[in-house]
Amino acid sequence: MNKAIAFDEHTRLPAIGQGTWYMGEEAARRREEVAALRAGLDAGLTLIDTAEMYADGGAEEVVGEALRGRRDDAFLVSKLYPWNAGETDAIDACERSLRRLGTDRLDLYLLHWRGNVPLEETVRAMETLQQQGKILRWGVSNFDVDDLQELLEEPGGARCATNQVLYHLASRGIEFDLLPVCQQHQMPVMAYCPLAQAGRLRQALFSNETLVEIAQQKGISVAQLLLAWVIRKEGVMAIPKASSQAHVKENAAALQIRLSDDELARINQAFPPPQHKMALDIV
Ligand code: NDP
């Protein structure tokens, strides 16, 4: 059975979605990116995460093209820059995103990271957008425990629908305190960079002896193992970005992978869980 998470009272979503950072950067790749997103929707990866930041709006245009004629198939998430999070700027930023996405509403709108606009003002802006029907929910991203607690104390702050943060096997800091706080407030966590993006860290994970061995024993790829590991926890979903249909299909199949206690224990030995507070990693 596909792993799902309760996003709110009325909404269950597959625990793996689709990221879009670096999409829309090159015209030559656009067809492949649109096809990958559509293949992802077909395979059940219905949450699509984008942002006004990605390719300066270009990623939202790619998503808009992928959603043409099938908007209702997706749970659409976008994010606004912190400097656009003021009361009037947020309305303008959201309308620009909606235009690029070719839709009249976002399922979820996130503050990309905390900036100088007071949280109270951003919450008011989000609620105005909600009343106007331009967004159905709002949330935050890159909020560590202190920021989140401050938000929860603001009027309406507890209506924050999610916290999108970096989480992968080589960065487990959130397990110490942020994840328990989110769980306590029934706030789903959206794990970004679940495959550790690119570079040395990713290489270290993909060539790690324990992970390679477990993946081989289960007949899955290391990428699938990493995704299955991220979504093993209640209330955590992963949003890997894949720009090829082959990767998308592989990622969707990870929704069905379960890890045994023994496999989890071996993984814990290779990548120990945090024993103390660690500052939230960001990219
Ligand atoms: P990911 O950890 O998702 O890694 C993406 C890389 O993994 C790409 O190179 C992709 O290749 C590759 N990949 C995807 N599937 C597979 C697979 N099955 N096997 C092998 N390689 C695979 O990094 P991202 O930084 O993209 O993070 C995911 C998403 O999270 C972003 O796209 C964005 O939407 C969001 N995000 C949010 C942030 C925030 O501040 N809120 C910050 C960073 C990301 P290919 O493209 O060739 O398929």
Side-chain angles (χ1 to χ4, degrees), residues 7 17-38 40-41 46-143 151 156-157 159-165 190 192 239 241 243 282-283:
F7 204 78
Q18 306 188 71
T20 62
W21 197 11
Y22 291 110
M23 287 191 182
E25 300 267 358
E26 291 171 52
R29 304 203 57 190
R30 189 180 176 111
R31 261 178 67 178
E32 195 189 352
E33 291 165 352
V34 168
L37 288 170
R38 293 180 78 95
L41 290 175
T46 49
L47 183 145
I48 297 183
D49 175 78
T50 190
E52 64 171 333
M53 181 185 114
Y54 303 159
D56 217 3
E60 289 182 324
E61 287 172 1
V62 170
V63 174
E65 195 175 328
L67 291 183
R68 208 167 292 153
R70 57 185 307 184
R71 167 66 184 89
D72 291 344
D73 291 350
F75 184 96
L76 183 54
V77 186
S78 194
K79 314 184 202 76
L80 82 169
Y81 279 123
W83 48 88
N84 283 340
E87 230 164 343
T88 48
D89 290 342
I91 313 291
D92 294 344
C94 183
E95 285 173 353
R96 286 194 298 270
S97 285
L98 291 174
R99 264 198 301 278
R100 287 188 291 260
L101 287 158
T103 184
D104 59 353
R105 70 195 186 283
L106 295 170
D107 294 286
L108 178 61
Y109 200 30
L110 305 181
L111 171 62
H112 208 147
W113 63 91
R114 189 172 180 183
N116 296 326
V117 175
L119 288 177
E120 189 193 350
E121 188 179 337
T122 300
V123 174
R124 275 205 310 275
M126 292 293 197
E127 293 200 327
T128 303
L129 284 166
Q130 224 172 337
Q131 281 151 16
Q132 294 174 344
K134 289 174 182 146
I135 67 172
L136 303 186
R137 306 165 187 79
W138 63 269
V140 295
S141 176
N142 295 303
F143 269 42
L151 173 68
R159 285 194 282 275
C160 172
T162 193
N163 188 13
Q164 183 181 110
V165 292
M190 228 183 266
Y192 73 69
I239 47 167
K241 173 257 184 180
S243 38
I282 52 169
V283 285

(request) Would you sort out whether M126 and L80 count as a side-chain contact (heavy atoms from CB on, under 4.5 Å), showing the intermediate values? (result) CA-CA 11 Å; M126 292 293 197; L80 82 169; 3.7 Å; yes
(request) Could you please spell out the steps behind the salt bridge (charged side-chain N to carboxylate O under 4.0 Å, His left out) verdict for E95 and R99? (result) CA-CA 6 Å; E95 285 173 353; R99 264 198 301 278; 5.2 Å; no
(request) Would you check, one step at a time, whether the test side-chain contact (heavy atoms from CB on, under 4.5 Å) holds for L76 with R71? (result) CA-CA 9 Å; L76 183 54; R71 167 66 184 89; 3.7 Å; yes
(request) Evaluate side-chain contact (heavy atoms from CB on, under 4.5 Å) for F7 paired with M190, printing each intermediate quantity in order. (result) CA-CA 10 Å; F7 204 78; M190 228 183 266; 4.0 Å; yes
(message) Walk me through whether W138 and T162 qualify under side-chain contact (heavy atoms from CB on, under 4.5 Å).
(response) CA-CA 8 Å; W138 63 269; T162 193; over 6 Å; no
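One distance of note links CD of E61 with CE of M23; it measures 14.5 Å at 0.5 Å rounding. One distance of note links CG of N116 with CH2 of W83; it measures 10.5 Å at 0.5 Å rounding. Here CD of E121 is found 8.5 Å from CG of D89. Values are rounded to the nearest 0.5 Å. Here the straight-line distance linking atom CG of N142 with atom CH2 of W113 works out to 8.5 Å at 0.5 Å rounding. Atoms OG1 and CG, from T103 and D72 in turn, are 8.5 Å apart once rounded to the nearest 0.5 Å. The CG atom of L110 sits 9.0 Å away from the CG atom of N163 when rounded to the nearest 0.5 Å.
Looking only at side-chain heavy atoms (C-beta outward), V140 and T122 stay at 4.5 Å or farther from each other. Residues I48 and F75 form no side-chain contact, since every pair of their non-hydrogen atoms from C-beta on lies 4.5 Å or further apart. Side chains of I239 and T20 form no contact here, defined as non-hydrogen atoms less than 4.5 Å apart. V165 has its side chain out of reach of F143: every pair of non-hydrogen atoms, C-beta onward, lies at least 4.5 Å apart.
For Y54 and W21, the ring centers sit closer than 6.0 Å to each other.
The two residues A85 and L111 come nearest to each other via the heavy atoms CB-CD1, 3.7 Å. Residue C94 comes nearest to L106 through the heavy atom pair SG-CD1, 4.2 Å, listed as atom of the first residue, atom of the second, then distance. Between Q130 and L136, the shortest heavy-atom contact is NE2-O, 3.1 Å. Listed here is the closest heavy atom pair of T50 and K79: O-NZ, 3.1 Å. In terms of heavy-atom proximity, G139 sits nearest to L108 at N-CD1, 4.0 Å. Nearest approach of E87 to I91, heavy atoms of both residues: O-CG1, 3.3 Å.
Within 6.0 Å of the CZ atom in R31, the count of heavy atoms belonging to other residues, nucleotides or ligands does not exceed 12.
Remark: side-chain polar atoms of Q18 are not paired, donor with acceptor, to backbone N or O of K241 under 3.5 angstrom. Within the 3.5 Å criterion, the main-chain N or O of D107 finds a donor-acceptor partner in the side chain of R137. Looking only at distances, no side-chain donor or acceptor of T46 sits under 3.5 Å from a matching main-chain atom of L41.
A salt bridge does not link R30 to E26: none of the charged nitrogens lies less than 4.0 Å from a carboxylate oxygen. Salt-bridge formation is not detected for the pair E60/R96: no Lys NZ or Arg NE/NH1/NH2 atom is positioned less than 4.0 Å from an Asp or Glu carboxylate oxygen.
In this view, Y192 satisfies the ring pair (Phe, Tyr, Trp, His ring centres under 6.0 Å) rule with no residue, not counting sequence neighbours.
No side-chain N or O of E33 forms a donor-acceptor pair with one of S243 less than 3.5 Å apart. Inspection of the D49 and Q164 side chains reveals an N or O donor paired with an N or O acceptor under 3.5 Å. A donor-acceptor contact under 3.5 angstrom links the side chains of E52 and N84, judged on distance only.
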